[in-house]
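What follows is a short report on a single structure.
Keep in mind that the numbers below use all heavy atoms, side chains included, and drop hydrogens, waters and symmetry copies. All residue numbers refer to positions in the sequence shown, counting from 1.
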Amino acid sequence: MGRILLNHVEKRFGKERIYAVKDFHLEIEDGEFLVMVGPSGCGKSTTLRMIAGLEDITSGELYIGDRLVNHLPPKDRDIAMVFQNYALYPNMSVYENIAFGLRLRKMPKHEIDLAVKKTSRILEIEPYLERKPKQLSGGQRQRVALGRAIVRNPQVFLMDEPLSNLDAKLRVQMRTEIIRLHKQLGVTMVYVTHDQVEAMTMGNRIVVMDKGVIQQADTPKAIYNNPRNMFVAGFIGTPPINFLEGKIMEGENGSLEFHTNRYYLRIPAPQAAMLKEKKKVNRTVILGIRCENIHLDAAARQAHPHSQITGIQKLHELMGADMYLYLDIGAPNLLIVRTNDSHPYEDNGKLTLTLDMRKAIFFDKDTTENLMY
């Protein structure tokens with residue numbers, strides 16, 4: 001069983017007992033692909049190292065399968081770890097690197113040979129078995145590092161930023177390889193990254209961390225569409241979500257509107273009901289809207305006449321089939337709009353924007369919590 005339970009696990013460092021990980025409570029299902037993501041220093045790698053047994057746990061309980069493993073050494077936890085720097089033995093061939101752990105277990109030679117060859121077929125590195133690591137590309141070395149983990153047939157794979165040393169093209173290729181590998185092997189994988197694109201494309205579930213604390217644990221779709229707070233909303237998504245500050249005011253017929261000193265936006269009934277329930281009428285809130293939910297076409301203007309603002313285009317970025325426009329709407333930050341590259345927008349030109357308020361998210365200004373969550 002590759003189930004992992006972190007029961008209110010904490011890690012503190014130094015005489016001041018500073019928290020690196022605080023009250024981390026999570027159950028990882030057998031066979032799940034879980035990705036932990038967050039900025040540098042958020043505690044994700046420390047958490048992974050506690051699961052591996054490379055860091056002591058200050059408090060809390062850690063179970064792998066049905067065993068409490070707090071005080072078990074790494075070799076007895078039935079886990080395999082893949083590091084950022086590959087950690088291959090330079091003087092050994094690919095075959096010897098993959099076989100090394102099995103030889104330490106004193107497995108018979110013929111069993112080692114069968115296991116190494118089976119693993120090399122899965123990872124498509126059979127032609128390189130006699131080469132030394134220095135004769136391989138970065139992607140090939142990472143495959144060897146994966147092979148050394150796979151060959152042991154552990155309950156759990158732990159991966160600490162395994163693709164960060166690769167170039168952009170190789171990262172995309174290796175992402176696909178690891179996803180395929182997970183589906184083929186069906187084992188539990190815990191993957192740490194600071195790259196939210198990796199997190200969104202690879203994980204069955206994502207844990208977003210900040211300052212040692214879980215901010216949200218959910219599916220990629222749920223985290224993108226319904227972030228728990230402004231940190232999660234701002235960290236997940238490229239380009240980042242737009243934040244606008246304004247006041248909730250009552251309009252005609254009991255409707256609610258989002259007001260700034262330059263414009264107002266009509267709030268749809270479901271969100272209005274929630275804002276009334278949370279007593280946010282006549283209060284300042286933060287509106288979050290993603291760039292793909294802001295439209296520039298006439299059809300959107302006709303469909304949503306009370307959801308429009310004007311802005312001056314200051315910058316644009318061509319991103320292949322997409323174009324990102326950066327507009328000054330009088331807010332502290334430029335508003336980002338995603339459109340296609342066929343529209344002849346010009347910098348310093350005036351544009352009318354229509355916000356799809358059905359997709360708007362409202363946050364408490366003081367707590368930063370999602371008022372719709």
Side-chain angles (χ1 to χ4, degrees), residues 1-11 21 23-38 43-55 57 60-83 98 101-102 105 107 115 118-119 121-123 142-143 145-163 174-193 198-209 214-223:
M1 286 286 289
R3 170 183 168 273
I4 302 171
L5 174 63
L6 296 107
N7 186 25
H8 301 287
V9 166
E10 296 187 332
K11 178 65 180 180
V21 177
D23 196 27
F24 193 104
H25 186 75
L26 186 74
E27 183 171 349
I28 305 168
E29 297 293 338
D30 183 32
E32 184 174 8
F33 195 138
L34 182 101
V35 179
M36 291 192 286
V37 66
K44 57 189 184 295
S45 288
T46 301
T47 303
L48 195 77
R49 289 172 65 82
M50 285 191 288
I51 297 172
L54 302 175
E55 290 282 358
I57 295 171
E61 297 171 321
L62 172 62
Y63 290 87
I64 298 177
D66 297 323
R67 296 189 302 164
L68 179 67
V69 300
N70 285 45
H71 303 296
L72 279 183
K75 67 182 179 66
D76 296 331
R77 296 192 180 198
D78 200 13
I79 56 96
M81 192 158 180
V82 180
F83 296 93
I98 295 173
L102 302 182
R105 293 182 177 183
M107 278 181 62
K118 178 184 176 183
T119 299
R121 277 196 301 274
I122 291 171
L123 293 167
Q142 195 56 278
R143 280 194 176 92
L146 287 168
R148 194 170 55 186
I150 291 166
V151 77
R152 294 171 50 198
N153 195 27
Q155 290 189 77
V156 177
F157 286 102
L158 306 177
M159 301 190 184
D160 191 6
E161 308 240 21
L163 308 184
M174 286 304 299
R175 279 207 310 260
T176 306
E177 289 293 324
I178 291 171
I179 293 167
R180 179 183 65 82
L181 196 61
H182 176 254
K183 289 179 179 177
Q184 188 171 346
L185 300 176
V187 297
T188 307
M189 288 190 179
V190 184
Y191 186 104
V192 160
T193 181
E198 282 184 19
M200 292 293 289
T201 55
M202 297 179 77
N204 304 134
R205 194 159 50 122
I206 299 173
V207 175
V208 183
M209 293 185 68
I214 295 176
Q215 299 297 312
Q216 189 171 354
D218 215 325
T219 63
K221 185 176 181 179
I223 282 179

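Between L26 and R205, some side-chain heavy-atom pair lies under the 4.5 Å cut-off. Taking the side chain as every heavy atom from C-beta outward, I4 and L62 approach each other to under 4.5 Å. Looking at L5 and E61, their side chains never come closer than 4.5 Å, going by heavy atoms from C-beta outward. Using a 4.5 Å heavy-atom threshold, the side chains of I28 and V156 count as separate. Under the 4.5 Å side-chain criterion, counting only non-hydrogen atoms from C-beta, I57 is not in contact with F24. Contact check for V208 versus D218: no side-chain heavy atoms found under the 4.5 Å cut-off.
Note that the CG atom of D30 and the OG1 atom of T188 stand 4.5 Å from one another [nearest 0.5 Å]. In this structure, E32 CD and E27 CD are separated by 9.0 Å, a value rounded to the nearest 0.5 Å. How far CZ of R77 is from CG of L158: 10.0 Å, rounded to the nearest 0.5 Å. Rounding to the nearest 0.5 angstrom, the gap separating the CZ atom in R180 from the CD1 atom in I122 is 8.0 Å. Between the CG atom of L163 and the CD atom of E161 there is a distance of 9.5 Å, given to the nearest 0.5 Å. Interatomic distance, CG of L123 versus CD of Q184, reported as 8.5 Å (0.5 Å rounding).
The backbone N or O of V192 lies less than 3.5 Å from no partner atom in the side chain of K44, so there is not a single donor-acceptor pair. Judged purely by atom type and a 3.5 angstrom limit, Q142 uses its side chain to pair as donor or acceptor with the backbone of P162. Here the side chain of D160 pairs no donor or acceptor atom with the backbone of F83 at under 3.5 angstrom.
P154 and D78 make their closest contact through CA-OD1, 3.4 Å (heavy atoms, listed as atom of the first residue, atom of the second, distance). P74 approaches G53 most closely through the heavy-atom pair CG-O, 3.6 Å. A149 and V82 make their closest contact through CB-CG2, 3.8 Å (heavy atoms, listed as atom of the first residue, atom of the second, distance). Between L185 and F157, the shortest heavy-atom distance links the atoms CD1-CE1, 4.0 Å. Among all heavy-atom pairs drawn from V21 and G43, the shortest one is CG2-O, 3.5 Å. Here the shortest heavy-atom pairing between R67 and D76 reads NH2-O, 2.8 Å.
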Could you go through the side chain to side chain contact (heavy atoms under 4.5 Å, CB included) check for L6 and M50 one step at a time? CA-CA 10 Å; L6 296 107; M50 285 191 288; 5.8 Å; no
Show the numbers, then the answer: is there a side chain to side chain contact (heavy atoms under 4.5 Å, CB included) between L146 and M174? CA-CA 11 Å; L146 287 168; M174 286 304 299; 3.7 Å; yes
In sequence, state the C-alpha distance, the side-chain angles, and the governing distance for M81 and L54, and then conclude on side chain to side chain contact (heavy atoms under 4.5 Å, CB included). CA-CA 11 Å; M81 192 158 180; L54 302 175; 3.9 Å; yes
Can you check side chain to side chain contact (heavy atoms under 4.5 Å, CB included) on R152 and R105, steps first, answer last? CA-CA 10 Å; R152 294 171 50 198; R105 293 182 177 183; 3.5 Å; yes
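Aromatic ring pairs are classed by plane angle as parallel below 30°, tilted from 30° to 60° and perpendicular above 60°; the pair H25 and H8 is parallel.
In this structure T193 satisfies the side-chain hydrogen bond (donor to acceptor under 3.5 Å, both in side chains) test together with E198, sequence neighbours excluded.
Shown are T47, V37, T46; of these, the side-chain contact (heavy atoms from CB on, under 4.5 Å) with M209 is made only by T47.
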